[in-house]
Amino acid sequence: MCFAWGVNETWLGLPASAVDEAARRMLGWHLDANGVVVRLTEVEAYSGLGEDPASHAHRGRTARNEVMFGPAGHLYIYQIYGRYLCANIVCGQVGRAAAVLLRAGEVLEGLDAARERRAAARKDADLAAGPAKLMQVLALGRDANGSSVIDGTGPLTVTPPPAPAPAELIEAGPRVGVTSALDVAWRFWIKGDPTVSVYRRHVPRRRGS
DNA sequence: TATTAGATGGTT
DNA sequence: ACCATCTAATAG
């Protein structure tokens, strides 16, 4: 297939060292799953080269991060805090284990279903304002781990918007929830978008008193 | 008074 | 990370 700026000829084929560029390009993409369409507004890039201590693949291949080492365009889903799920799209080349974490988005279609799945959201902008919220809205479970997002065989399909997000509308900052590599500004979001999750510097749980 | 936005503490 | 709860700010 041949998009104006392609799924498989741009970010999919980028070297893992350019995963930050892949992340930038994914802003604005549409995520379609289970009757809900979300416009991606916030992402984070992770390199698996061993130079990125924040990456799950940093210390090598394990049962959990297995799919990160596979081909690009597949979902890497992991559980956090024993309760919530987050999803990455594997980028780069086989064996390199680069990935882009899907952090937040704006619900474009399927508002009724989204509101039902995220009853706690007070405003529509909060429906998918966080990686685990995004997963709830899209109703993706652990079984989606390893599935493809580009060949139509998986529960989630990604499609590029008519045009890439303008560079002047993309802002960058340190990634959320990581204690190392704070100097690496690999979190990207669409400037001023209300669906972007609020950044809070990671702080160890407060001591008593 | 009623609604909304922001901050805090708790849970897993 | 999410959520319930509280407080402050705001609107009618």
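The sequence lines fix the lettering, A, B, ..., with proteins before strands; numbering per chain opens at 1. Since this is a predicted model, take the numbers as computed values, not measurements.
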**Closest to side chain of A/I80, choosing from C/dA1, C/dC3, B/dT12** =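 For the A/I80 side chain, the nearest candidate turns out to be C/dA1.
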**Prompt:** A/A120 has a side chain; which of B/dA5, C/dA4, C/dC2 sits nearest to it?
**Reply:**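 The listed nucleotide nearest to A/A120's side chain is C/dA4.
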**Request:** Considering just the side-chain nitrogens and oxygens of A/R103, establish if one lies under 4.0 Å of OP1 or OP2 belonging to C/dA1.
**Result:**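 The answer is yes; a side-chain N or O of A/R103 sits under 4.0 Å from OP1 or OP2.
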**Message:** Counting only side-chain nitrogens and oxygens, does A/R122 get under 4.0 Å of the OP1 or OP2 atom of C/dA4?
**Reply:**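 No, A/R122 has no side-chain N/O under 4.0 Å of OP1/OP2 on C/dA4.
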Whole angstroms only, please: what is the [atom1]-[atom2] distance between [X] and [N]?
X: A/L127; N: C/dC3; atom1: CG; atom2: P; answer: 11 Å
X: A/D126; N: B/dT3; atom1: CG; atom2: P; answer: 18 Å
X: A/Y81; N: B/dG10; atom1: OH; atom2: P; answer: 16 Å
X: A/Q79; N: B/dT12; atom1: CD; atom2: C1'; answer: 9 Å
X: A/K123; N: B/dA5; atom1: NZ; atom2: P; answer: 5 Å
X: A/L134; N: C/dC2; atom1: CG; atom2: P; answer: 9 Å
X: A/E44; N: C/dA1; atom1: CD; atom2: P; answer: 8 Å
X: A/L85; N: C/dC2; atom1: CG; atom2: P; answer: 11 Å

**Asked** Do the two ring centres, one from A/Y78 and one from A/H56, sit under 6.0 Å apart?
**Response**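 Between A/Y78 and A/H56, the centre distance is under 6.0 Å.
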Let me have the donor-acceptor pairs involving side chains of residues 124-136 of chain A, under 3.5 Å, with sequence neighbours excluded, atom names and distances please.
unit_1, atom_1, unit_2, atom_2, d
A/D124, OD1, A/R115, NH1, 3.0
A/D124, OD2, A/R115, NH1, 2.8

**Asked** In Å, rounded to the nearest 0.5 Å, how long is the span from CD of A/E44 to CH2 of A/W189?
**Response**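 So the gap between those two atoms works out to 10.0 Å.
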**Asked** Which pairs count as side chain to side chain donor-acceptor pair (under 3.5 Å) when at least one residue sits in residues 83-92 of chain A, sequence neighbours excluded?
**Response**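 For residues 83-92 of chain A: none.
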